[in-house]
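Comments concern the structure below.
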Amino acid sequence: MSYSDKKCVLSFFLIAFLFIPAVRSQAEDWAKWRGPSGDGISQETNWTSDWPPAGPAVIWRGSVGTGLSAISISQGRMFTMGNADNVDTVFCLDAETGAERWRHSYASPLDARFFDGGPTATPTVDGDHVYTLGRQGQLFCVSAKSGKIKWSTNIQEATGARIPGWGFGGSPVVHGDMLLLNVGDAGAAVKKATGELIWKTGDRQAGYTTPLLHTVTGKTTMFLASGKFYSRVNAQTGKVLWQHRWLTRFGANGADPILAGEHLFISSGYNRGCALLDLKEAVPRVVWSNKDMQNQLSSCVLIDGFLYGIDGDTGTGRALKCMELLTGEVKWSVDGLGSGSLIAAGGRLIILSEDGVLVIARAVPSAFKELARFQVLDGRCWTMPVLANGRIFCRTANGDVVCVNVRNEN
């Protein structure tokens, strides 16, 4: 091969290498709670908020039973959970058509306590395995392709941990050969291949957050909330490294913490407020705290040093706010979305209002800049929307699901 031929081959592979990441960022699965990175942000770029006056095209609608379980998308399949007649069901639907591929059901009380009831955790997809957690501790591993049960256990019975007032709500998290769960004082872990218990912590009431992983120099810790604390735990051993006392009415700490370098943002409703913790020392230090961002149900997203989230409890004054992370200063506030929820992608917020309006806005601290809105559902919407492969998926608490097309066809 001549020198010029070698240069051509090298140039081809260099171009191909540079092109691959750009192609991959155009479309992306959303296979677990809070998306690929667990922060509520998608790297997907091939979607549009330039909708016609009638709104984006509705591709399909369906029904999955009562619950607040969010939606997971993997390899053309959509997964979520719902309850009907005191039976929980894990649904697998075709993400493009809404056609049912399989379902797995088991007895579980609706348990409607100040909300509609039903399952609140979100299915976690890992290869051909789907992991689900019911409010009473029913833990399943099923085949993503067939719905066949690989194994099952009851994590509450295995650990002896108390069932929280609104049941177990944190979603399973895969870490190596382990499955991490917000159960007990500061979590528990089982073998993801068998469901066998690896470690557990105390038996007191868990919170409703999903474990947030953080790996430094090969060592992984996780952050999660119980009814009284935010904790940092060695994910491999279950050793509690520290606990930051955080008391909330009803012990209802439900918003996931947000990690930003050596800082951790925490927030709860019920007039508790929020705080920024400095993690540089062995024991976290409070940088600031206030009551200007009270995340009762929906977690914030962090973009370029600014938090965007819903402040306020259900049935009280609620607002979408932008807050500066390092200072706690509110940059803007917008009413009218109720106890909605949001994610982000491509510098834009994807917001689902409590009454089913899908709103797209720029994620900028200067002002609230709405780009589009469309009424996609009727009924109470407390579950975050999901963007995957040019589709936005939304659901109501009573189980109505909609898939709309936002794929950029140009």
Side-chain angles (χ1 to χ4, degrees), residues 27-38 40 42 44 59-84 87-106 108 118-135 138-152 155 167-174 179-181 192 195 210-211 341 343 350 352 377 381-404:
E28 187 173 46
D29 278 348
W30 187 283
K32 61 181 182 180
W33 170 250
R34 301 266 289 165
S37 300
S42 170
E44 185 161 334
I59 300 175
W60 57 265
R61 294 183 183 273
S63 182
V64 294
T66 302
L68 301 181
S69 176
I71 288 167
S72 297
I73 305 292
S74 178
Q75 299 182 33
R77 304 180 184 92
M78 189 205 92
F79 304 90
T80 193
M81 301 168 66
N83 184 288
V87 172
D88 277 357
T89 297
V90 181
F91 288 90
C92 175
L93 307 181
D94 187 290
E96 286 292 321
T97 68
E100 184 176 312
R101 292 196 176 186
W102 55 259
R103 65 170 64 188
H104 165 61
S105 301
Y106 56 91
S108 185
T120 54
T122 298
T124 299
V125 189
D126 180 46
D128 184 44
H129 297 89
V130 181
Y131 301 96
T132 66
L133 178 63
R135 288 174 62 197
Q138 310 97 323
L139 183 62
F140 289 92
C141 172
V142 300
S143 167
K145 294 179 181 178
S146 67
K148 180 181 178 180
I149 300 174
K150 304 282 187 174
W151 56 259
S152 66
I155 193 64
F168 295 109
S171 302
V173 172
V174 173
L179 200 63
L180 303 173
L181 304 157
K192 73 174 187 179
T210 293
S341 56
I343 62 170
I350 302 173
L352 182 62
L377 290 165
C381 299
W382 284 354
T383 302
M384 69 178 177
V386 164
L387 169 69
N389 306 305
R391 309 295 194 229
I392 295 179
F393 301 82
C394 306
R395 70 167 291 171
T396 63
N398 66 11
D400 293 331
V401 178
V402 64
C403 170
V404 299

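Remember, it's a predicted structure, so these values are computed and weren't measured experimentally.
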Donor-acceptor under 3.5 Å (Thr89 side chain, Phe91 main chain): no
Any donor-acceptor pair under 3.5 Å from Asp29 side chain to Gln75 backbone: yes
From CA spacing to verdict: side-chain contact (heavy atoms from CB on, under 4.5 Å), Ile149, His104: CA-CA 8 Å; Ile149 300 174; His104 165 61; 3.3 Å; yes
From Leu181 atom CG to Ile155 atom CD1, the distance as rounded to the nearest 0.5 Å: 5.5 Å
Donor-acceptor under 3.5 Å (Arg135 side chain, Gly118 main chain): yes
Gln138 versus Ser108, side-chain donor and acceptor atoms under 3.5 Å: yes
From Met78 atom CE to Glu100 atom CD, the distance as rounded to the nearest 0.5 Å: 10.0 Å
Contact summary for Thr383 and Leu68, nearest pair of heavy atoms: OG1-O, 3.0 Å
Criterion side-chain contact (heavy atoms from CB on, under 4.5 Å) on Val401 and Ile71, from CA distance to verdict: CA-CA 9 Å; Val401 178; Ile71 288 167; 4.1 Å; yes
From CA spacing to verdict: salt bridge (Lys or Arg N to Asp or Glu O under 4.0 Å), Arg61, Asp400: CA-CA 7 Å; Arg61 294 183 183 273; Asp400 293 331; over 6 Å; no
Straight-line distance of Trp30 CH2 to Glu28 CD, nearest 0.5 Å: 8.0 Å
Nearest-0.5 Å distance, CG of residue Asn83 to OH of residue Tyr106: 8.5 Å
Glu44 (side chain) donor-acceptor with Gly390 (main chain) under 3.5 angstrom: yes
Any donor-acceptor N/O pair, Asp94 side chain to Thr97 backbone, under 3.5 Å: yes
For Tyr131, the option from Val142, Val125, Leu179 that meets side-chain contact (heavy atoms from CB on, under 4.5 Å): Leu179
Minimum heavy-atom distance between Asp126 and Lys192, given as atom pair plus value: OD2-NZ, 2.9 Å
Spacing of Thr122 atom OG1 and Arg34 atom CZ [to the nearest 0.5 Å]: 11.0 Å
Side-chain donor-acceptor pair present, Thr80, Arg395, cut-off under 3.5 Å: yes
Side chain to side chain, Thr124 and Phe79, heavy atoms closer than 4.5 Å: no
Heavy-atom check, side chain of Met384 versus side chain of Trp33, under 4.5 Å: yes
Verdict with supporting geometry, Val174 and Lys32, side-chain contact (heavy atoms from CB on, under 4.5 Å): CA-CA 10 Å; Val174 173; Lys32 61 181 182 180; over 6 Å; no
Side-chain heavy atoms of Thr132 within contact of Met81, under 4.5 Å: yes
Under 3.5 Å: donor-acceptor pair, side chain of Trp382, backbone of Ser341: no
SG on Cys394 to CG on Leu377, rounded to 0.5 Å: 6.0 Å
Whether Ser143 side chain and Lys148 backbone form a donor-acceptor pair below 3.5 Å: no
Lys145/Arg101 under side-chain contact (heavy atoms from CB on, under 4.5 Å): CA gap, chis, key distance, verdict: CA-CA 8 Å; Lys145 294 179 181 178; Arg101 292 196 176 186; over 6 Å; no
Any donor-acceptor pair under 3.5 Å from Thr210 side chain to Ser171 backbone: yes
Closest non-hydrogen atom pair, Ala121 against Leu133: CB-O, 3.4 Å
Side chains of Val404 and Ile59 in contact at under 4.5 Å (non-hydrogen atoms): no
Check: Trp102 side chain, Ala144 main-chain N or O, donor-acceptor pair, under 3.5 Å: yes
Pro211 to Val173 - nearest heavy-atom pair and separation: O-CG2, 3.5 Å
